[in-house]
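What follows is a set of notes on a single structure, which appears directly below.
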Amino acid sequence: MAISKIENKTAVKIALLEFLRSKYILYAISLILFIIFWDISAKMNGRFLPRPWAVLMELINGINEPIAGKILIVHLWYSLKRVFIAYAIAIAIGIPIGLLMGYSKLINAWIKPIFDLFKPMPPIAWISLAILWFGIGETSKVFIIVLGAIVPVILNSMNGIRLIDPSLYHAIRMLGGNSRQEILEVTLPASLPAIFAGLQISLSMAWTTVVAAELMGAREGMGFIIIRGMSVSNPAMIVGGMLVIAVTAWLLSVLMTLLERRICPWKTELEH
Amino acid sequence: MGKKSTNTLVLRIIPYVSILSCLIIWQLIVVLNIVPNTLLASPLQVIKLFIYKLNHTQPDGGLILVHAFVSLKEALIGYVLALLIGIPLGLAMGWFKPIDGLIRPLFEILRPIPPVAWIPLTIFWFGIGLSGKVFIIFLAGLVPVVINSYTGVRMTNPVYIRMARTYGATKWRIFIDVCVPSALPMVFGGLQVALSVSWMTLVAAELIAADSGLGFFITMGQRLLMPDMIILGILMIGLTGVVIGIIVDKVEKRLVAGMWR
Amino acid sequence: MSKVSVTGLTKEFGDLTVLKDVSFEVNKGEFLCIVGPTGCGKTTFLNLLAKLIPATKGTIYIDNEEADPKKHNISFVFQEPSSLPWRTVKDNIAYGMQVKKIPPAEMEARLEKVIDLVGLSDCINLYPNEISASMEQRVAIARAFATNPDLLLMDEPYGQLDLKLRFYLEDELIRIWTESKNTVIFITHNIEESVYLADRILVLSNKPTTVKQEVLVDLPRPRNILDPEFSRIRNQVTDLIKWW
Amino acid sequence: MENRTRALKNFKVQCVGISKSFGEGNEKKLILDDINFGVGDEFVVVLGPGQSGKTTLLNLIAGLERPSTGQVFVDGEEVTGPGPDRGLVFQKYTLFPWKTVMGNVEMGLKLSGMSKKERREMASYYIDLVGLKGFENSYPHELSGGMKQRVSIARAYVNKPKVMLLDEPFGQLDAQTRYLMENEIIRIWQAEKRTIIFVTNNIEEAIFLGDRILSLDGKFPGRLKTIYDVDLDRPRDRADTSFLKIRQRITEETMLIL
């Protein structure tokens with residue numbers, strides 16, 4: 001047993017080294033080609049596409065030169081703040097609703113049809129109504145983001161409970177567990193990974209929605225930056241803004257993955 | 001046993017009761033003026049507007065079904081493009097290492113950018129016409145399509161590949177015979193995700209800049225301070241989304257049933 | 001003249017030598033069983049023979065030519081189910097022949113014969129998920145025999161099956177083999193199975209794996225496991241391995 | 001009926017006139033029919049091919065299912081539901097993935113309200129008994145199949161159940177781990193004797209393990225067919241002639257299901 005493990009490990013190591021060596025070269029070629037291609041097309045048609053270094057300069061400028069009265073990092077902060085407020089609300093409402101829907105067929109029968117009705121409507125479609133109701137300020141944006149973020153939270157919390165392997169319940173009953181212990185020792189921990197997966201989707205959903213909401217009307221935030229870039233015909237500002245948005249999205253997802261590993265260390269088993 | 005069957009009957013009725021009571025409460029809120037009519041339209045008003053908009057172009061310059069058709073057309077063109085390019089690309093990336101190596105970095109850059117963030121650049125490049133919308137939808141749909149096709153190939157049971165190899169099948173042959181059919185269910189799983197992302201992005205694009213389409217219809221409703229228009233627009237978007245979702249699902253089930261059991 | 005001849009076969013993974021200088025010959029139409037202690041790298045050994053992984057040193061010749069899956073007919077029956085789920089039983093059995101580009105007319109003829117041999121005529125249009133595990137294993141065996149292989153490699157194909165079923169399938173295998181006279185290398189951990197099936201048994205050593213001894217099984221078929229001679233060979237092989 | 005009940009009285013586990021069907025009306029399917037047997041302080045193997053209802057039978061004894069007719073008694077008391085007086089080991093491991101080995105093994109004691117110190121001590125003893133000392137803090141996904149099943153056995157043993165029920169516990173293991181685990185279960189059982197009802201479809205395993213073998217007929221409904229007494233000394237040798245003879249007899253008397 002132990003020997004075959006070593007055999008596998010060494011084999012994997014060799015294969016990996018070989019594979020990585022060629023892969024990284026390909027990656028490098030790919031990136032270099034991409035940047036060259038980008039630069040040449042930008043040079044040929046500079047009005048529509050900024051050259052890579054222009055984007056970089058724009059970003060560096062953004063650090064201390066304010067755009068519409070605020071420096072770049074403040075704009076980013078505004079977007080993040082909206083996301084976090086809305087995210088917290090979505091979690092606070094969504095998880096209990098989802099859990100109740102998963103746990104009780106009766107509650108599910110009441111809520112599910114309404115939920116199904118709202119689900120296919122893109123949260124962004126609500127923006128006009130939200131502006132009508134709450135004006136163009138923070139409330140309407142947070143409202144939209146909550147709408148976007150709450151769907152995966154509810155869905156995953158519900159499924160998290162529904163999809164628990166029934167034999168886990170059998171196991172706890174055979175060990176003498178009563179119904180309160182069943183919920184505490186099986187229902188809650190077993191649904192945690194699914195809930196967490198929902199939170200991950202939900203966070204990226206929230207980030208997408210905040211950008212969209214800020215595109216519709218805002219005086220600050222990353223969505224505002226790129227729409228501003230469009231209206232002042234500064235493509236470097238647009239692309240720079242997109243880059244910041246992308247990097248933030250990526251960092252948020254990394255953060256969630258790390259958090260998940262802390263909270264559900266056993267989850268690796270559930271993936272296959 | 002008797003108790004159980006009444007229970008299931010109750011569970012079957014409740015959803016209808018639930019929706020009906022929601023509609024009634026909504027209607028009452030407006031009729032009793034709990035929320036003023038300038039902020040919220042009642043369901044009956046929305047239905048009235050829908051019937052009116054079936055053959056009247058005022059006040060936004062188009063019939064409601066024409067708006068829906070415009071949105072649908074933009075969405076479908078972009079979506080189909082994403083499938084045509086994304087599926088082969090994702091499948092090939094999953095199996096052929098050089099293609100993976102060359103495309104992956106670009107894809108990893110593309111992936112975290114929320115599709116809506118492309119809207120300003122796209123408008124800047126293409127204006128607010130058809131080509132711009134199609135481009136955005138294409139980008140939005142591409143990412144999930146490629147990821148699922150790629151993962152599908154990657155998840156191919158290695159025994160199948162080893163089996164084909166021992167019979168002397170070429171790399172290409174294994175790809176066609178084993179990897180592609182094995183990836184299909186996963187590929188189709190990506191279609192639904194891609195569809196909902198595409199649809200949402202289209203709506204956003206139309207809200208920002210358009211002269212027709214359902215998103216434009218909503219914007220007009222906001223400008224004219226007509227909540228019934230906004231709500232009708234939202235409902236139409238939801239409904240259309242559901243309808244294409246069902247169509248994709250049906251097509252998908254057909255195709256999968258044809259190749260997989 | 002030997003059909004397959006393996007000379008000095010060696011496989012190293014980094015510093016670890018899994019297989020060391022293995023040499024043996026298989027005669028045409030022979031049924032060879034390979035048994036060895038736990039973790040002796042039996043699977044690595046088979047993968048080498050099937051050319052699924054490259055050897056560090058040594059050669060494998062089939063009919064005096066370097067073995068090559070694209071040129072020779074090497075078939076492999078895996079331990080785990082390997083029927084393609086999107087193909088019917090019939091199309092699965094045909095797969096090997098399709099890769100080998102056997103002309104359609106001959107393919108049909110061979111299909112008919114082999115399907116009859118393994119007794120799957122009733123379910124040729126079913127899909128793998130509609131048949132039992134043992135039937136699926138028979139599909140894999142039919143697929144392998146259909147290509148009329150120069151070398152048929154079998155990796156514990158009956159490892160997980162019920163005893164009665166295993167006996168039945170072993171008899172069936174012997175019947176098909178007797179008819180086709182293909183050269184078979186059959187790997188198993190089950191000594192009884194090896195003595196029941198083989199013309200000759202190759203006993204492997206612990207890592208680094210070498211051929212420890214060859215045991216000739218010169219008993220008439222069908223064999224009786226209660227036969228004293230059978231017991232003697234069984235005990236002889238057991239003593240050579242002693243993994244418990 | 002009266003007589004039979006009395007005759008079964010001395011047993012630890014008694015199954016009296018059990019039948020079980022699933023579904024209703026036209027869908028109704030009889031899974032087990034007229035099962036009667038008793039189990040004393042012994043290692044009993046229930047042997048049956050697929051679809052002989054053997055898992056259902058075990059679930060009835062466990063109390064996870066209720067019989068359609070008949071009764072199950074453990075120590076003279078009728079079984080009405082699942083409970084800690086019976087320890088069940090599942091085929092699919094069914095460990096709590098969010099608990100460590102220690103957390104899994106001590107679960108039953110925790111549920112019964114035992115103090116942390118006490119249950120740690122007891123759980124440690126059984127973790128040691130099944131040979132997992134040093135793995136107390138591992139999660140199930142870090143363990144091999146054989147080790148998971150050891151945890152399962154310890155988890156059931158620690159509750160000191162009156163009877164251990166094992167449902168094809170080694171069915172998912174590879175052949176060699178299976179041999180090893182068969183030896184292990186005998187070692188554990190000899191170290192601390194319990195009444196064991198062990199369900200399997202593997203004839204060799206049944207003869208290697210059981211004092212008695214209850215053989216069920218194949219294909220629904222399952223009926224009790226033959227009871228074999230296995231009078232071989234332990235540890236048993238799978239290649240021994242007397243072993244092979246019993247094996248041959250049972251093999252000949254069971255159905256072949258392709």
Side-chain angles (χ1 to χ4, degrees), chain A residues 1-9 95 99 102 156-157 159-199 257 259-272, chain D residues 55 58-59 61-65 79 81-100 103-114 137-148 151-152 155-161 163-165 167 174 176-177 180:
Chain A
M1 203 59 196
I3 301 170
S4 78
K5 234 180 205 164
I6 295 169
E7 170 191 321
N8 277 338
K9 260 196 190 145
I95 291 185
L99 290 180
N156 275 271
S157 309
N159 286 333
I161 288 203
R162 288 251 175 100
L163 301 180
I164 295 174
D165 179 2
S167 57
L168 287 175
Y169 286 117
H170 290 170
I172 195 121
R173 263 173 234 155
M174 287 311 290
L175 293 171
N178 56 34
S179 48
R180 190 183 62 88
Q181 287 167 324
E182 256 173 47
I183 295 178
L184 271 168
E185 299 286 353
V186 173
T187 313
L188 290 180
S191 58
L192 206 55
I195 293 176
F196 213 89
L199 294 188
T257 315
L259 210 62
E260 180 182 31
R261 257 182 229 153
R262 280 303 289 276
I263 295 176
C264 326
W266 70 87
K267 210 206 138 194
T268 32
E269 189 188 46
L270 297 159
E271 262 155 26
H272 38 248
Chain D
T55 295
L58 207 68
N59 284 341
I61 301 172
L64 292 170
E65 309 266 5
V79 170
D85 59 330
R86 285 142 291 150
L88 181 57
V89 175
F90 300 81
Q91 179 177 10
K92 289 188 196 155
Y93 313 132
T94 318
L95 299 172
F96 304 114
W98 53 89
K99 293 267 179 204
T100 58
N104 267 287
V105 174
E106 68 174 5
M107 181 57 98
L109 304 175
K110 186 178 167 191
L111 296 175
S112 71
M114 187 184 275
N137 296 320
S138 305
Y139 282 97
H141 71 89
E142 298 167 309
L143 305 178
S144 67
M147 287 158 93
K148 278 186 213 171
V151 180
S152 261
R155 185 176 69 178
Y157 245 85
V158 75
N159 265 11
K160 301 209 187 297
V163 52
M164 288 279 291
L165 309 168
D167 183 11
D174 66 89
Q176 283 168 28
T177 314
L180 185 71

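Heavy-atom basis, side chains included; hydrogens, waters and symmetry copies ignored. Just so we're on the same page: letters track the sequence lines, and every chain starts at 1.
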Residue D:Lys99 versus chain A: region with a heavy atom under 4.5 Å: side chain
Could you report the tightest heavy-atom contact between A:Val186 and D:Phe96, atom names first, then the distance? CG2-CE2, 3.9 Å
Could you check whether any side-chain heavy atom of D:Leu111 comes within less than 4.5 Å of a side-chain heavy atom of A:Glu185, counting everything from C-beta outward? yes
With respect to chain A, which residue among D:Gly108, D:Gly81, D:Gly83 yields the maximal number of heavy-atom pairs within a distance under 4.5 Å? D:Gly83
Shortest non-hydrogen separation from D:Pro82 to A:Met174 and the atoms involved: CB-SD, 3.6 Å
Between D:His141 and A:Pro265, which heavy-atom pair has the shortest distance, and what is it? NE2-O, 3.4 Å
Closest non-hydrogen contact found for D:Pro84 with A:Gly176 is CD-CA, 3.6 Å
Check the surroundings of atom CZ in A:Arg162: do more than 12 heavy atoms from other residues, nucleotides or ligands lie under 6.0 Å from it? yes
For the atom pair CG (A:Leu188) and CH2 (D:Trp98), what is the distance rounded to the nearest 0.5 Å? 9.5 Å
Tightest non-hydrogen contact, residues D:Thr94 and A:Ser167, listed as CG2-O, 3.2 Å
Side chain, backbone, both or neither of A:Ile172 within contact of chain D (heavy atoms, under 4.5 Å): both
